[in-house]
Structures are given as C-alpha cells and as structure tokens.
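Here the structure comes first, spelled out in structure tokens, and everything after it is commentary.
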Amino acid sequence: MSKLFRAVIMGPPGSGKGTISERIAHSFGLKHLSSGDFVRENIAAKTEAGVLAKTYIKKGLLVPDHVMTRLLLPRLEEMTKYSWLLDGFPRTLAQAEALNSACDLDVAINLNIPLETLKERLQHRWIHPPSGRVYNMCFNPPHVQGKDDITGEPLIQQEDDRPEALVARLRHYKDVAKPVIDFYKMTEKAKGILYTFSDTETDRIWPNISTLLSTKISTIQSDARCASTH
Ligand SMILES: Nc1nc2c(ncn2[C@@H]2O[C@H](COP(=O)(O)OP(=O)(O)OP(=O)(O)O)[C@@H](O)[C@H]2O)c(=O)[nH]1
Ligand SMILES: Nc1ncnc2c1ncn2[C@@H]1O[C@H](COP(=O)(O)OP(=O)(O)O)[C@@H](O)[C@H]1O
C-alpha cells in the first residue's frame, strides 16, 4: 500500500493557486481540496458554520480561525484514504498549527508573485460561480466571451478582484501569511517541507512544481515499498 501524499498550496490572491492545483490534481491524481469550496458548500447548506462564515465573507473578511478549522478538519478526516492537495488553507498561523496537529504534510508550496502581475491577472479574471471554473482573457479565455465553456452560463468578475479592492486584500494577506511561512520554515515537525516559487508566469513555474512533486511522490512510494519488504 503506497504511503499517501499530502500537500498544501499557498499564495496571494491571483497567484495561480487554483490554476496550478487543477494541474497538480490532473497530473498526480491528488484530490484538490479547496477551502473556499468548502465554505461555499456550507453556506449553500445553511450549516451553522456556513451561516456564520457568510457574515464575514460579505464584509470581504477571512472567516475566523475557529470557524474555519471546525469546518475544515472534519472534511480532512473523511479523506484519510486519499492523497490530497489543500488549496486556501492554512491562511493563518493558528490554522497552520491546527493542520500540523491533525496530519503530516509532505510539501507546502508557496507562490511568490509580484504585485503588478497579480493586479494584471485579476483585472482579466472571469469565473463561473456554480462550478468555480476560472478564466482569464489574456491567459485562458473562454471559447465564447462571457460564457462558461461547459454550461454556456454567464461568467462574472468578482467585486474584490478590482484593483482598488486588491491593495487592501494584499496588505491583509501579507500580514497573515508571513507567520505561516515562518512556521513552515522553523517548526521542527513542519521544517523542510516549504518550497517557494517566484515568477510571473504559471507556465514557467509549473515544470518546477511538477518535477518537485514527481521526485517527492516517487521517494515516498519507494520508501513505502522498502518498509513493506523489511
Ligand atoms: N496572464 C496570466 N494569467 C494567469 C497565469 N496563471 C493564472 N492566471 C490567471 O490569473 C487569475 C488568477 O489565477 P487563480 O488560479 O484564480 O489564482 P488563485 O491564487 O487561485 O486566486 P484566489 O482564488 O483569488 O486566491 C486567473 O484568471 C487565472 O486564469 C499566468 O501565468 N499568466
Ligand atoms: N483558510 C481560510 N481561512 C479563513 N477564511 C477563508 C479560508 N479559505 C476561504 N476563506 C473564506 O472564503 C472566501 C472564499 O475563498 P476563496 O474561494 O479561496 O476565494 P478568495 O480567497 O480568492 O477570496 C474567502 O474570501 C474567505 O473569506
């Protein structure tokens, strides 16, 4: 039984977490878990956590750590038989500590993308809310402008993708992300799993991430084979 592989992907709004997560899920067969999707599911289901989360999201705020952790950790417990990639969690130190207590991570991917690139990307981002599919008029445009490729339903631009909203989002991101990055650099159990990728193009970052994951996953599987033969 090959050992399972667990990773998280972090980065500022517009850094390409969703784009790269889809490529990782497709290339390596990992389950792509998105904290944003879990939040939206809870909001749609009107769960206690969902109702509470909605009040924060409407104000453009992060959901409080205790609500987010209570919402997310039980979902991870359902995934004990799968290798997964977690996108959008942890975003704070408290979340990183809670995740670290709940499971062992093999890799933490950190996307370091320049502000101007983020602004440019988000100005051209269009999404299909029901599916979460993401488009970009410069990078991956829909076949028909303004329409989702699969359903033909209308695409929208998110309010907080506007340049003036982005500056505040990025300042807040920097404040909460640094302790998380330091956590993965310094904490004994988590040390050595952080890999940071800096570039302006996903297509240049992707081969490096793909090589890293290929190496990490094959190492884990060969270790598991050795362990099972001893
Ligand atoms: N021009 C360009 N756009 C890109 C590139 N990579 C991703 N994008 C687009 O940039 C936007 C942001 O990418 P996402 O994958 O949504 O980024 P994210 O980190 O998930 O963003 P949040 O969900 O806001 O945190 C999307 O419209 C992507 O299609 C790239 O290399 N070049
Ligand atoms: N790990 C998290 N901690 C706190 N809030 C979160 C977390 N993940 C998602 N959320 C909330 O859910 C919303 C939607 O998340 P997501 O789809 O990742 O979009 P974005 O991060 O681009 O706003 C976020 O704006 C935030 O309010």
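The analysis underlying the following values was restricted to heavy atoms, covering all of them including side chains, and did not include hydrogens, waters or symmetry mates. Read the numbers this way: they start at 1 and go in the same order the structure lists the ligands and their atoms. We count residues from 1, following the sequence as given.
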query: Taking Q157 for the side chain and R125 for the main chain, is one N or O donor matched with an acceptor at less than 3.5 Å?
result: yes
- request: List every atom of ligand 2 that sits less than 4.0 Å from any heavy atom of G88, numbering the atoms from 1 in the order shown and giving each element.
  value: 1 (N), 2 (C), 7 (C), 8 (N)
message: What I want to check is whether the side chains of D148 and Y135 have a donor and an acceptor closer together than 3.5 Å.
response: yes
statement: Residue, atom and distance of the protein heavy atom nearest atom 16 (O) of ligand 1 read R125 NH1, 2.8 Å
statement: heavy-atom search around atom 15 (O) of ligand 1 in the protein gives T19 OG1, 2.6 Å
statement: Rounding to 0.5 Å, atoms OG (S198) and CG (N110) come to a distance of 7.5 Å
statement: Nearest non-hydrogen protein atom to atom 29 (O) of ligand 1, with distance, is N140 OD1, 2.9 Å
- prompt: Is there a chain of hydrophobic side chains (I, L, V, M, F, W, Y, each step under 4.5 Å between heavy atoms) that links V107 to F89?
  reply: no
field: SB check K178 D182 (cutoff 4.0 Å)
entry: yes
- prompt: Under 3.5 Å between some N or O of ligand 1 and some N or O of F139?
  reply: no
field: Ionic contact status for D160 with R169, cut-off 4.0 Å
entry: yes
query: Which residue and non-hydrogen atom of the protein lie closest to atom 4 (C) of ligand 2, and at what distance in Å?
result: V63 O, 3.2 Å
Sub-4.0 Å atoms of ligand 2 with respect to non-hydrogen atoms of Q95: 1 (N), 2 (C), 3 (N), 4 (C)
- prompt: In terms of residue, atom name and distance, what is the protein heavy atom nearest to atom 17 (O) of ligand 1?
  reply: G16 N, 3.0 Å
statement: Separation between CD (E120) and OG1 (T117), nearest 0.5 Å, reads 8.0 Å
- prompt: Could you state the interatomic distance from OH (Y195) to OH (Y184), rounded to the nearest 0.5 Å?
  reply: 14.0 Å
- request: Count the heavy atoms belonging to other residues, nucleotides or ligands that lie under 6.0 Å from CD of Q145, then report whether that count exceeds 12.
  value: no
- request: Out of P13, G11, G14, indicate the one that has the non-hydrogen atom closest to atom 12 (C) of ligand 1.
  value: G14
field: Euclidean distance, L86 CG relative to I109 CD1, rounded to 0.5 Å
entry: 11.5 Å
- prompt: Where is the nearest protein heavy atom to atom 13 (C) of ligand 2: which residue, which atom, and how far?
  reply: I57 CD1, 3.9 Å
task: Could you tell me the separation between the NE2 atom of H124 and the CG atom of N136, rounded to the nearest 0.5 Å?
output: 7.0 Å
task: Give the residue, atom name and distance (to 0.1 Å) of the protein heavy atom nearest atom 9 (C) of ligand 1.
output: N136 ND2, 3.6 Å
- line: To the nearest 0.5 Å, atom CG of L73 lies from atom OG of S101 at 9.0 Å
- request: Measure the distances from the heavy atoms of R169 to every atom of ligand 1 and state whether one is below 4.0 angstrom.
  value: yes
message: Taking the basic N atoms (NZ, or NE/NH1/NH2) and the acidic carboxylate oxygens, is any pair closer than 4.0 Å for E41 and R75?
response: yes
- prompt: Against heavy atoms of F89, which atoms of ligand 2 measure under 4.0 Å?
  reply: 1 (N)
query: Less than 4.0 Å between atom 25 (O) of ligand 2 and some protein heavy atom, yes or no?
result: no
- prompt: Got a sec: does the CD of Q158 have more than 12 other heavy atoms crowding it under 6.0 Å?
  reply: yes
- prompt: Any idea which part of L61 is under 4.0 Å from ligand 2, heavy-atom wise: side chain, backbone, both or neither?
  reply: backbone
task: Looking only at protein heavy atoms, identify the closest one to atom 19 (O) of ligand 2 and say how far it is in Å.
output: R91 NH2, 4.5 Å
- request: Under 4.0 Å, heavy atoms only, figure out whether ligand 2 is touched by the backbone of R40, its side chain, both or neither.
  value: side chain
- request: Considering only non-hydrogen protein atoms, determine which one is nearest to atom 15 (O) of ligand 2 and report residue, atom name and distance to 0.1 Å.
  value: G36 CA, 3.6 Å
- prompt: Below 3.5 angstrom, do we get any N/O pair linking H124 and ligand 1?
  reply: no
query: Is there at least one pair of N or O atoms, one from V134 and one from ligand 1, spaced under 3.5 Å apart?
result: no
message: Considering non-hydrogen atoms of the protein only, which is the closest contact for atom 8 (N) of ligand 2, and what is the distance?
response: S35 OG, 2.8 Å
message: Looking at ligand 1, is there an atom of it that comes within less than 4.0 Å of some heavy atom belonging to W126?
response: no
- prompt: Is the shortest distance from a Lys or Arg side-chain nitrogen in R204 or D199 to a carboxylate oxygen in the other one below 4.0 Å?
  reply: yes
query: What residue and heavy atom of the protein are closest to atom 20 (O) of ligand 1, and at what distance?
result: G18 N, 2.8 Å
Enumerated ligand 1 atoms positioned under 4.0 Å from heavy atoms of E201: 30 (C), 31 (O), 32 (N)
- request: State whether K3 and D104 are salt-bridged, where the test is any N-O pair (Lys NZ or Arg NE/NH1/NH2 against Asp/Glu carboxylate O) under 4.0 Å.
  value: no
message: Any atom of ligand 1 sitting under 4.0 Å from a heavy atom of G88?
response: no
- prompt: Looking at atom 22 (O) of ligand 2, what's its closest protein heavy atom, distance included?
  reply: R169 NH2, 2.9 Å
- request: Determine whether L105 and L212 fall in the same hydrophobic cluster, where Ile, Leu, Val, Met, Phe, Trp and Tyr are linked whenever their side-chain heavy atoms lie under 4.5 Å apart.
  value: no
- line: For atom 27 (O) of ligand 1, the closest protein heavy atom turns out to be Y135 O, 2.9 Å
task: Could you list which atoms of ligand 1 come closer than 4.0 Å to a heavy atom of P12?
output: 19 (O)
message: If we set the cut-off at 4.0 Å for heavy atoms, which region of K59 has an atom near ligand 2: side chain, backbone, both, or neither?
response: neither
- prompt: Can a cation-pi geometry be assigned to K185 and F183, taking NZ or CZ under 6.0 Å from the six-membered ring centre and within 45° of the ring axis?
  reply: no
query: Hey, does K17 come in under 3.5 Å of ligand 1, counting only N/O atoms on both sides?
result: yes
statement: atom 6 (C) of ligand 2 has as its nearest protein heavy atom M68 SD, 3.8 Å
statement: Atoms of ligand 1 under 4.0 Å from any heavy atom of T202, numbered from 1 in the order shown, are 5 (C), 6 (N), 7 (C), 30 (C), 31 (O)
